[in-house]
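One structure is given here, and the rest of the page talks about it.
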Protein chains: 2
Amino acid sequence: MARDTRSRMIAGAARLVGTRGAASMSLRELARAAGVPIGSTYHHFPGGKQQLVEEAVRSVGAHVTRRIEAGRDDGPAAALEALADEWRDVLERTGFGSGCPVLAVATEDDPALGALATQVFEAWQESLTAVLVDAGVDEQRAPRLAMLVVAAIEGAVALCRAERSLRPLEDSVVELRGLLDSALG
Amino acid sequence: MARDTRSRMIAGAARLVGTRGAASMSLRELARAAGVPIGSTYHHFPGGKQQLVEEAVRSVGAHVTRRIEAGRDDGPAAALEALADEWRDVLERTGFGSGCPVLAVATEDDPALGALATQVFEAWQESLTAVLVDAGVDEQRAPRLAMLVVAAIEGAVALCRAERSLRPLEDSVVELRGLLDSALG
DNA sequence: CCCTGGCTATGACAGTCGTCATAGACTCCG
DNA sequence: CGGAGTCTATGACGACTGTCATAGCCAGGG
């Protein structure tokens, strides 16, 4: 029961941070949305809001990293598709109401959360770099390509949310796939 | 004097929105930062915070559009560089404290501001598309490339802010330039 | 049976927020 | 000099925030 409340709060926090940003997410609203008691927030998260947001961002980060690495043997195109798929799902499930919580945290003013976002982005880049190198991409170039992929996907997700359409993500993926293909030679 | 107060408030709002986001920007803080009287906010902006944020985003959008179109005859590489230059300047001048206010507004929950952000992004994409077509890029592909460029630059700026380094932007620009070059043939 | 300990519920706290009404201070024209 | 109109200053309003102390509930073990 305790674990359930805790994980529901983390999942809800991830969605709410992706919706309003960490600063604008209210603990009362989170409790309401997650269907958990308001008053016991500090029982499960003694570190308060900061701890809650940190765990939510870390959890999303780890989940996406796993998704990238799951298809490591299927090549760069599959890794790109995994990344895009994750956010396509989120955008569609929430009716373009929520985006990437890591990006949300990266664009806010809290240095601790900024450093956390960087950790997550770097983990994604490392996984992508490994896939690229495996596929024969130049070792100098692979990290740069991985950086572009992460930046472009994150930017595209934000554009999708504003435009309430998947087109920015789909267009970006088409061009990125072409670029990755041409880098394999 | 009036015009001066007004434009200082708009410039300050652009910076603050790029720093904390529109929802977390306080009118009191804006007045303090812009060195203008707190109480007269609603004299200059009867529409309140919403009008202020809208004018700030529109002003930044128009400025960047002009910068892209200024070098229209210098080709895609110059347009890309103009876009990157704008945000490099902002990031450096603010010590990675402020990013792109249009992206900030795009990732928040206000549908009106989201639509506004989309307008700005579309204006940028149209300018870039024109430059690409001028340079001989396929007319089907040019809008897609422009979309990727905008998404990637915006994403990269966010990563720069979190990482407190220009590397994400520089890396992305290198790869984007290569891609644009290879699309000219 | 009681009672201990994990969980929940309620409400207070100090602070900030956007908004606006009102009153004072200026500048400039007649 | 006087008055009109533009701008500034002050402070109030209700609502919301994160945080936490306190008290109550309710299952499990002795």
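In the text below, chain A, chain B and the rest are named by the order of the sequence lines, each starting its count at 1.
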Report the distance from atom [atom1] of [X] to atom [atom2] of [N], rounded to the nearest whole Å.
| X | N | atom1 | atom2 | answer |
| --- | --- | --- | --- | --- |
| B:Lys49 | C:dT19 | NZ | P | 7 Å |
| B:Met9 | D:dC7 | CE | C1' | 13 Å |
| B:Phe45 | D:dC7 | CZ | P | 12 Å |
| B:Leu27 | D:dT8 | CG | P | 15 Å |
| B:Leu30 | C:dG18 | CG | C1' | 13 Å |

Side chain of [X], heavy atoms from C-beta onward: which of [options] has the nearest atom to it?
| X | options | answer |
| --- | --- | --- |
| B:His43 | C:dG18, D:dT6, C:dC7 | D:dT6 |
| A:Ile38 | D:dG18, C:dT10, C:dG18 | C:dT10 |
| A:Pro37 | C:dT8, D:dG18, C:dT19 | C:dT8 |

If you compare every side-chain N and O of [X] against the phosphate oxygens of [N] (OP1, OP2), does one of them come in below 4.0 Å?
| X | N | result |
| --- | --- | --- |
| B:His44 | D:dT8 | yes |
| B:Ser26 | C:dC17 | yes |
| B:Thr5 | D:dT8 | yes |
| B:Tyr42 | C:dT19 | yes |

Is any side-chain heavy atom of A:Leu80 less than 4.5 Å from a side-chain heavy atom of A:Val149?
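Yes, close enough: below the 4.5 Å cut-off.
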Got A:Pro143 and A:Gln125 here, is their nearest side-chain heavy-atom distance under 4.5 Å?
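A side-chain contact under 4.5 Å is absent here.
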Which is more 5' along DNA chain C, the nucleotide nearest A:Arg28 or the one nearest A:Ser40? Just name the residue.
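Its nearest nucleotide being more 5', the pick is A:Ser40.
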Charged N to carboxylate O below 4.0 Å: is that the case for A:Arg58 and A:Glu54?
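Looking at A:Arg58 and A:Glu54, the cut-off is met.
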Carboxylate-amine/guanidinium proximity below 4.0 Å for A:Arg144 and B:Glu170:
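No salt bridge links A:Arg144 with B:Glu170.
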Flag yes if more than 12 heavy atoms outside A:Gln50 fall under 6.0 Å of its CD atom; otherwise flag no.
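Counting other residues, nucleotides and ligands, CD of A:Gln50 stays at 12 neighbours or fewer.
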Reckon A:Gly39 touches a base, only the sugar-phosphate, or nothing at all at heavy-atom distances under 4.0 Å?
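If one applies the 4.0 Å heavy-atom cut-off, A:Gly39 turns out to touch a base.
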